[in-house]
Amino acid sequence: MAHLRVAIPSVGEGGLDGQRSGHFGHCDVFTCVEAIDGQIVSVTTIQNQEHMQGGCMVPVNLLAEHQVNALIVGGIGMRPLMGFKQVGIDVYHDAERVDIRPVLEDLLAGKLSIISDDQVCGGGGT
Amino acid sequence: MKRTMVHILLAGKEADYFAAFSQQLGKDQRLKVVEVDSAEQSRQIIRDASIDVVVLAEELRDINGLQFVKEIVADNPFINCALVSPLYPQEFHEQTEGLGLFMQLPAHPGAGAAKEMLAFLEKLQQLDKQ
């Protein structure tokens, strides 16, 4: 049984019909979708926490505390990416689409790729 | 997070490069400070000890500071790093973006820079205020 708990950096109140934030570390909320065997069983939000320069591990720790095991980003810096890897959160990449639902559906259908180390942002990832 | 001791590693190729900086840090009993001159020694200490903060000069004996930051971030992303750099802040930001450095330090950082760094670490909540 595949049990996914996916976080999507979101603007405003988030939710399945909301929009993604391009700046993951400074998003308003993380839309958090729980899915079992590809079927969505719950949608909640996690309030992001403010952090200062160098505080890249704040969202890493936040999502790890909420038992997230997958994250979809449009961009991310090297340090938080390595942090997510270290805490066992897979980071998927889609830099094109703004809406949450189609990107999430692609992830659940196995159509999104895990971000590679050479796709990290030259900054601003957090 | 309540911390009893914060372990700080200072690395730079010039002897006494961090002397004034280290002396100031040494006045704070919440800190344990170690100084080395190379990435090789730094790697060993990072492996063997629980290092919380690494402060790098522009040059170490065997690598430049920016290159070593990239290595630390890749292997130990939970370590907070600061780097000495003469670049203008905007250039520094562009060169280090994504590496999550918490501070740019001036060349030959002294007591003032040490105090400033401690204030920053307190804001990062790595160091509890007393």
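Hydrogens, waters and symmetry mates play no part in the numbers below; they use all other heavy atoms, side chains included. So that the names make sense, note that chain A is the first sequence line, chain B the second, and so on, each numbered from 1.
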Which atom pairs, one a donor and one an acceptor, fall under 3.5 Å between side chains of residues 42-49 of chain B and the rest of the protein, sequence neighbours left out?
{"from": "B:Ser42", "atom 1": "OG", "to": "B:Ser38", "atom 2": "O", "distance (Å)": "2.7"}
{"from": "B:Arg43", "atom 1": "NE", "to": "B:Glu71", "atom 2": "OE2", "distance (Å)": "2.5"}
{"from": "B:Arg43", "atom 1": "NH2", "to": "B:Glu71", "atom 2": "OE1", "distance (Å)": "3.1"}
{"from": "B:Gln44", "atom 1": "OE1", "to": "B:Arg47", "atom 2": "NH2", "distance (Å)": "3.1"}
{"from": "B:Gln44", "atom 1": "NE2", "to": "B:Asp48", "atom 2": "OD2", "distance (Å)": "2.8"}

(message) Strictly by salt bridge (charged side-chain N to carboxylate O under 4.0 Å, His left out), give each pair with a member in residues 6-25 of chain B just once, sequence neighbours left out.
(response) none

(message) Ignoring hydrogens, what is the shortest heavy-atom contact between A:Pro80 and B:Gly98? Give both atom names and the distance.
(response) CD-O, 4.0 Å

(request) May I have all residue pairs that pass side chain to side chain donor-acceptor pair (under 3.5 Å) and include part of residues 57-80 of chain A, sequence neighbours excluded? (result) A:Arg79-B:Asn80

(request) Would you kindly confirm whether A:Val58 and A:Phe84 end up in one hydrophobic cluster when ILVMFWY residues are joined by side chain heavy atoms under 4.5 Å apart? (result) no

(message) Is there a path of hydrophobic side-chain contacts, each under 4.5 Å between heavy atoms, that joins A:Met82 and A:Phe24?
(response) yes

(message) If the contact rule is any heavy atom under 4.5 Å from chain A, which residues of residues 102-109 of chain B qualify, in numerical order?
(response) B:Phe102, B:Met103

(message) Tell me if the CD atom of B:Glu40 is crowded by more than 12 foreign heavy atoms within 6.0 Å.
(response) no

(message) Applying a strict under-4.5 Å side-chain criterion to I, L, V, M, F, W and Y, I'd like to know whether B:Leu56 and B:Ile51 cluster together.
(response) yes

(message) Working to the nearest 0.5 angstrom, can you tell me the gap between B:Asp75 CG and A:Gln86 CD?
(response) 9.0 Å

(message) Quick check on A:Val60 against chain B: is it the side chain, the backbone, both or neither that has a heavy atom closer than 4.5 Å?
(response) side chain

(message) Looking at every heavy atom in both B:Leu99 and A:Met78, which two are closest together, and how far apart are they?
(response) CD2-SD, 4.2 Å

(request) Spell out, yes or no, whether A:Ile8 and A:Leu62 are grouped together once hydrophobic residues are joined by side-chain heavy atoms under 4.5 Å, including indirect joins. (result) no

